[in-house]
Amino acid sequence: PAVEYGLEAPFTVEYHDAVASTNELARERAVDGAANVAVLADEQTGGRGRLEREWNSPPGGVWVSIVTRPSIAPAQAPLYTLAAAVATARVAREAGVDARIKWPNDVVIPDGDDGDYRKLAGVLTEMEGETDRIEWLVVGIGVNANLDAGDLPEGATSVREEASDVDRRRFVQRLLEEFDRLREDLERIVPAWRELTLTIGQRVRVDRAAGEVVGEAVDVTDTGALVVETDDERVTVSAGDCEHLRPV
Ligand code: BT5
C-alpha cells in the first residue's frame, strides 16, 4: 500500500477511502505486532477525540494514525503527543498558516490578542504496555486540511479557510518525516514545542477530575506536563488529567 500511495515515508502507509477511525485500525495493527505503520483515510465515520469526544472527519482532511513501538516508559508517552503537535504545526506553517500549539494536544490559529484561537488539528495518543515499558503507541493526528468552514464544528478552522488547499499526499509525507525526526531524539521535543506554543505565559483555567486549577501556565516538564502557578502554589497537570484548558 505504501508504494500504491506513492509516499516514500519512514512509515508504511496504509490508505483507505473511509474507515470508522484510523486510530481503531491502527490499534488492531499494533495488537497484531505492527510497527512503523501509518493508517490514513480520506474520511472517518466514527472519528474520536480525547475522553470519548467526537472528531468530525469529512472527506478532504488529513486523518492519520501512526503505530510505533518505542522502548520508553509510559510516563514518556506524552512526549509523542507533543512531537505530533510540533510536526503538525510545522507542516501547517509550511502551508502558510500561523499554526501554534495549545497544550496539550491542539494545533490552533491565534485569533486576536486575548488568547482566543480557532482549532486546526488535534492529536489523540493511545498506548498499551507494562508499568515500566510500553508495548505499542498509536498517535492519531487529525488536520482540517481542504475543508470548508461549513463542514467544521464551531470554533474550528481549516488550512483551506486560513490559506489555500494543500497537496495532501505531500502534507502527510512531510508530517511523517517531521514526526520521525522528532522521535529520534526525545530531548529535543520539549524545546521544539516551547517555540511553537501559545499556552506558556497565558493565564489559564484547567478542568480536571481532581478540581480546576487557575493560574499562569509557566512551563512544561521534561515529560510534557503543564506547570501552572496559582496564587499560592505550583501545580503540575499531566495531559491525561486535563479535561479542558482555556485562557481566562
Ligand atoms: C482531539 O481531541 O483534538 C484529538 C483529535 C484526534 C483526531 C484524529 S484523526 C485520526 C485519528 N483517528 C481518530 O479517530 N482520531 C484521531 P479533543 O481535544 O478531545 O477535541 C475534541 C473536540 O474538538 C470535540 O469535542 C469538538 O469540540 C472539537 N472538534 C471535533 N471535530 C473537530 C474538527 N474536525 N476540528 C476542530 N475541532 C473539532
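No hydrogens, no waters, no symmetry mates; every other heavy atom, side chains included, goes into these values.
A donor and an acceptor atom, one from each side chain of T223 and Q76, are nowhere located under 3.5 Å apart. Between the side chains of Q44 and T22, at least one donor N or O sits under 3.5 Å from an acceptor N or O.
Considering every non-hydrogen atom in both V67 and A30, the closest pair reads CG1-CB, 3.7 Å. Residue V107 comes nearest to A99 through the heavy atom pair CG1-CB, 3.8 Å, listed as atom of the first residue, atom of the second, then distance. Scanning all heavy atoms of the two residues, the minimum distance from V37 to A34 falls at CG2-CB, 4.0 Å. Here the closest heavy-atom approach between residue L120 and residue A92 is recorded as CD2-CB, 3.8 Å. Residues P104 and L82 share a closest heavy-atom pair of O-CD1, 4.0 Å. Nearest approach of P247 to Y117, heavy atoms of both residues: CD-CE2, 4.0 Å.
Although no hydrogens or angles enter the test, the distance criterion places a donor-acceptor pair under 3.5 Å between the side chain of R50 and the main chain of C242. A distance-only check finds no donor-acceptor pair linking the side chain of T197 to the backbone of W193 [under 3.5 Å]. In this structure a side-chain-to-backbone donor-acceptor pair under 3.5 Å is missing from W63 to V143. Judged purely by atom type and a 3.5 angstrom limit, R246 has no side-chain atom pairing as donor or acceptor with the backbone of R205. S158 places a side-chain N or O within 3.5 Å of a backbone atom of L147 that can act as its donor or acceptor partner.
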Next item on the list: Check the pair R48, E126 against salt bridge (Lys or Arg N to Asp or Glu O under 4.0 Å), reporting the backbone distance first and the verdict last.
Entry: CA-CA 11 Å; R48 293 189 287 109; E126 299 178 288; 3.3 Å; yes
Note to self: Walk me through whether R208 and D241 qualify under salt bridge (Lys or Arg N to Asp or Glu O under 4.0 Å).
What the structure shows: CA-CA 6 Å; R208 310 172 298 173; D241 289 342; 6.0 Å; no
Item checked: Working for side-chain contact (heavy atoms from CB on, under 4.5 Å), residues R93 and V97 -> CA-CA 5 Å; R93 296 182 78 83; V97 305; 5.6 Å; no
Margin query: Determine whether I141 and V62 satisfy the following criterion, side-chain contact (heavy atoms from CB on, under 4.5 Å), listing intermediate values before the conclusion.
Written below: CA-CA 8 Å; I141 305 173; V62 168; 6.0 Å; no
Next item on the list: Mind running side-chain contact (heavy atoms from CB on, under 4.5 Å) on E243 and L51 for me, showing each step along the way?
Entry: CA-CA 8 Å; E243 287 164 10; L51 308 166; 4.0 Å; yes
Check: For E184 and R181, what are the C-alpha separation, side-chain angles and deciding distance, and is it a salt bridge (Lys or Arg N to Asp or Glu O under 4.0 Å)?
Finding: CA-CA 5 Å; E184 271 168 18; R181 212 168 294 156; over 6 Å; no
Check: Would W136 and V31 satisfy side-chain contact (heavy atoms from CB on, under 4.5 Å), going step by step from the backbone distance to the final call?
Finding: CA-CA 8 Å; W136 53 257; V31 169; 4.1 Å; yes
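Between I134 and R69 there is no side-chain heavy-atom pair separated by less than 4.5 Å. Looking at heavy atoms from C-beta onward, S71 lies in side-chain contact with R133 at the 4.5 angstrom threshold. Looking only at side-chain heavy atoms (C-beta outward), M127 and V139 stay at 4.5 Å or farther from each other. Side-chain contact between T221 and T236 is present, with at least one heavy-atom pair separated by less than 4.5 Å. The side-chain heavy atoms of V190 and L79, taken from C-beta on, include a pair separated by under 4.5 Å. For the pair V204 and V248, the minimum side-chain heavy-atom distance is 4.5 Å or more. Counting heavy atoms from C-beta outward, R168 and R170 have side chains that stay 4.5 Å or more apart. S65 has its side chain within reach of V138: a pair of non-hydrogen atoms, C-beta onward, lies under 4.5 Å apart.
Residue-environment remark: CZ (R53) exceeds the threshold of 12 foreign heavy atoms within 6.0 Å. Remark: E187 CD is loosely packed, at most 12 non-hydrogen atoms of other residues, nucleotides or ligands lying under 6.0 Å away. Surrounding CD of E233 are more than 12 heavy atoms belonging to other residues, nucleotides or ligands, all under 6.0 Å away.
Note: D180 CG to N36 CG = 7.5 Å, rounded to the nearest 0.5 Å. Here the straight-line distance linking atom CD1 of I66 with atom CZ of R29 works out to 15.5 Å at 0.5 Å rounding. Taking NZ of K102 as the start and OG1 of T199 as the end, the distance is 6.5 Å to the nearest 0.5 Å. Considering CG of L124 and OG1 of T81, their distance stands at 8.0 Å, rounded to 0.5 Å. Interatomic distance, D116 CG to I109 CD1, rounded to the nearest 0.5 Å: 13.0 Å. Residue E24 holds its CD atom at 7.0 Å from CD of E28, rounded to the nearest 0.5 Å.
Under a 4.0 Å N-O distance rule, the pair R234/E216 does not qualify as a salt bridge. No salt bridge links R118 with E161; every basic N to acidic carboxylate O contact stays at or beyond 4.0 Å. Salt-bridge formation is not detected for the pair D98/R100: no Lys NZ or Arg NE/NH1/NH2 atom is positioned less than 4.0 Å from an Asp or Glu carboxylate oxygen. With respect to the salt-bridge test (charged N to carboxylate O, under 4.0 angstrom), the residues R174 and E94 qualify.
If you chain together hydrophobic residues whose side chains sit under 4.5 Å apart, V64 and V13 fall into the same group. I101 and F171 fall within a single hydrophobic cluster, where Ile, Leu, Val, Met, Phe, Trp and Tyr side chains are chained together by heavy-atom contacts under 4.5 Å. Linking ILVMFWY side-chain heavy atoms closer than 4.5 Å, directly or via other members, places W103 and L196 in a single hydrophobic cluster. Note on L175: it clusters hydrophobically with V86, by side-chain heavy-atom contacts below 4.5 Å among ILVMFWY residues. Cluster membership check: V213 does not share its hydrophobic cluster with V227, using side-chain heavy-atom separations under 4.5 Å among Ile, Leu, Val, Met, Phe, Trp and Tyr.
Relative orientation of the F11 and F179 rings is tilted, given thresholds of 30° and 60° on the angle between their planes.
Partner R160 forms a side chain to side chain donor-acceptor pair (under 3.5 Å) with one of N144, D148, N146 and no other, that one being D148.
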